[in-house]
Amino acid sequence: MTNTALFSTPTDVRSDLSGDRPGASRPGSSPRFRDLGRLMALMTGDEKHGPAATSTLDALWVLYDRVLRVTPASADAPERDRFLLSKGHGPMAYYAVLAAKGFFPEEWLAGFGSYDSPLGHHPDRVLVPGVEIGSGSLGHGLPLAVGTALGLRAQGLTDSRIWVLIGDAELDEGSNHEAIAYAGPAGLEQLHTLVVDNASATHGWPGGIASRFEAAGWSAQTVDGRDHEALYAAFTAPHPGRPRAVVARVESKNA
């Protein structure tokens, strides 16, 4: 794609959602969620990772709206929940949710990807309020989340939860499998991994993605990645003594 706006106007938003648009009505969604289409449409320009953004929109909203214990006022509090976006390419949905939640002004969205904008094509924790890690190089987020969980445990901050969002294609990276293999036996109950599955992985896993985590001692569940009530139930299910993985299935990247 060259010199073409991925998101043009609020009524003409391109999407990989089988004909509907980002922010459209979903099972269990709220009116505030439906405003995200307008926010996404503010970000224009040459961007090749549209499916990477729209695939994560529902899960990100449910996390920030109903699960994560972090606000603009508590973004630096030691006891806050941490969210790490490992799938850092195509961060438009992440930026839209952060703006909707007040972490930065929505006026920033119009400058997305421009030279002097803090909102780059990969999020920068130094420039963007609420962002915990700089990401985009695949395979780093889950190992960083494991280290964060260990660090919080060492400090006695056992009520803080860590969430990391990875794409299914990231499971092609060996670093993630080392992190999965460690976290289960280590009993990192504070650690939660959200895998957004849009069928873009090269290798896959026999029995499905959730079975990979279960084999390493994780609690794992697969849900419809567009159903907000199903996502919320999976995100909040108890998993004593074990890390938690939720696989959110969405439309195929190439559908």
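This structure is a prediction, so every number in the text was calculated from the model and none was measured.
Between Pro206 and Ser211, every side-chain heavy-atom pair lies at or beyond the 4.5 Å cut-off. Counting heavy atoms from C-beta on, the side chains of Leu85 and Val131 never come closer than 4.5 Å. Taking the side chain as every heavy atom from C-beta outward, His121 and His89 never approach each other to under 4.5 Å. Side-chain atoms of Tyr182 and Leu150, non-hydrogen and from C-beta on, do get closer than 4.5 Å to each other. No side-chain heavy atom of Val128 sits under 4.5 Å from any side-chain heavy atom of Phe103.
Closest approach of Ser114 to Gly111, counting heavy atoms only: OG-O, 2.6 Å. Shortest non-hydrogen contact noted between His140 and Glu170 is N-OE1, 4.4 Å. Counting all heavy atoms, side chain and backbone alike, Ala181 lies closest to Ala216 at CA-CB, 4.2 Å. The shortest heavy-atom contact between Ala220 and Glu214 is O-OE2, 3.5 Å. Of all heavy-atom pairs spanning Ser160 and Leu152, the tightest one is CB-CD1, 3.9 Å. Minimum interatomic distance between Gly88 and Ser135 (heavy atoms only, all atoms of both residues): CA-OG, 3.5 Å.
Side-chain rings of Phe83 and Tyr94 approach one another, their centers coming within less than 6.0 Å.
Arg125 CZ: 12 or fewer foreign heavy atoms inside a 6.0 Å radius.
With sequence neighbours excluded, no residue forms a side-chain hydrogen bond (donor to acceptor under 3.5 Å, both in side chains) with Thr236. Contacts of Asp124 classified as side-chain hydrogen bond (donor to acceptor under 3.5 Å, both in side chains), with partners at least two apart in sequence or in another chain: none.
Of the possible polar contacts, one joining the Gln190 side chain to the Leu157 backbone as a donor-acceptor pair under 3.5 Å is found. For the pair Thr148 (side chain) and Leu144 (backbone), a donor-acceptor distance under 3.5 Å is present.
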Exercise answer: donor-acceptor pairs, residues 242-249 side-chain atoms, under 3.5 Å, sequence neighbours excluded:
from: Arg242; atom 1: NH1; to: Trp218; atom 2: O; distance (Å): 3.3
from: Arg244; atom 1: NE; to: Ala234; atom 2: O; distance (Å): 3.3
from: Arg244; atom 1: NH1; to: Ser219; atom 2: OG; distance (Å): 2.8
from: Arg244; atom 1: NH2; to: Gln221; atom 2: OE1; distance (Å): 2.5
from: Arg244; atom 1: NH2; to: Ala234; atom 2: O; distance (Å): 3.1

With a 3.5 Å cut-off and sequence neighbours excluded, list the donor-acceptor pairs that the side chains of residues 161-168 form with protein atoms.
from: Arg161; atom 1: NE; to: Asp81; atom 2: OD2; distance (Å): 3.1
from: Arg161; atom 1: NH2; to: Val67; atom 2: O; distance (Å): 2.8
from: Arg161; atom 1: NH2; to: Asp81; atom 2: OD2; distance (Å): 2.7
from: Asp168; atom 1: OD1; to: Asn198; atom 2: N; distance (Å): 3.4
from: Asp168; atom 1: OD1; to: Ser200; atom 2: OG; distance (Å): 3.0
from: Asp168; atom 1: OD2; to: Ala199; atom 2: N; distance (Å): 3.3
from: Asp168; atom 1: OD2; to: Ser200; atom 2: N; distance (Å): 2.8
from: Asp168; atom 1: OD2; to: Ala201; atom 2: N; distance (Å): 3.0

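The OG atom of Ser175 sits 8.0 Å away from atom CG of Leu142, with the distance rounded to the nearest 0.5 Å. Interatomic distance, CG of Leu57 versus CG of Leu39, reported as 9.5 Å (0.5 Å rounding). Note: Leu63 CG to Asp58 CG = 11.0 Å, rounded to the nearest 0.5 Å. From Thr56, atom OG1 reaches atom CG of Leu194 across 9.0 Å, with rounding to the nearest 0.5 Å. Leu127 CG to Ser117 OG: the interatomic distance, rounded to the nearest 0.5 Å, is 9.0 Å. The CZ atom of Arg66 sits 9.5 Å away from the CG atom of Leu231 when rounded to the nearest 0.5 Å.
Linking ILVMFWY side-chain heavy atoms closer than 4.5 Å, directly or via other members, places Phe235 and Val195 in two distinct hydrophobic clusters. Val97 and Leu84 fall into different hydrophobic clusters, where Ile, Leu, Val, Met, Phe, Trp and Tyr are joined by side-chain heavy atoms under 4.5 Å apart, directly or via other members. The same ILVMFWY cluster, assembled from side-chain heavy atoms under 4.5 Å apart, contains both Leu188 and Ile133. No continuous path of hydrophobic side-chain contacts links Val223 to Phe213 [ILVMFWY only; heavy atoms under 4.5 Å].
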Going through the checks in order, is the side chain to side chain contact (heavy atoms under 4.5 Å, CB included) test met by Leu98 and Tyr64? CA-CA 8 Å; Leu98 288 175; Tyr64 272 91; 3.9 Å; yes
Run the numbers on Ile209 and Thr222 for side chain to side chain contact (heavy atoms under 4.5 Å, CB included), then give the verdict. CA-CA 8 Å; Ile209 294 172; Thr222 301; over 6 Å; no
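Classification of the Tyr95-Phe112 ring pair by plane angle, with boundaries at 30° and 60°, yields perpendicular.
Salt bridge absent: Arg69 and Glu79 never bring a charged side-chain N and a carboxylate O closer than 4.0 Å.
Within the structure, salt bridge (Lys or Arg N to Asp or Glu O under 4.0 Å) pairs that include any residue of residues 82-111 comprise Arg38-Glu106, Asp65-Lys101 (at least two apart or interchain). Among residues at least two apart or in separate chains, there is no salt bridge (Lys or Arg N to Asp or Glu O under 4.0 Å) pair with a member in residues 146-156.
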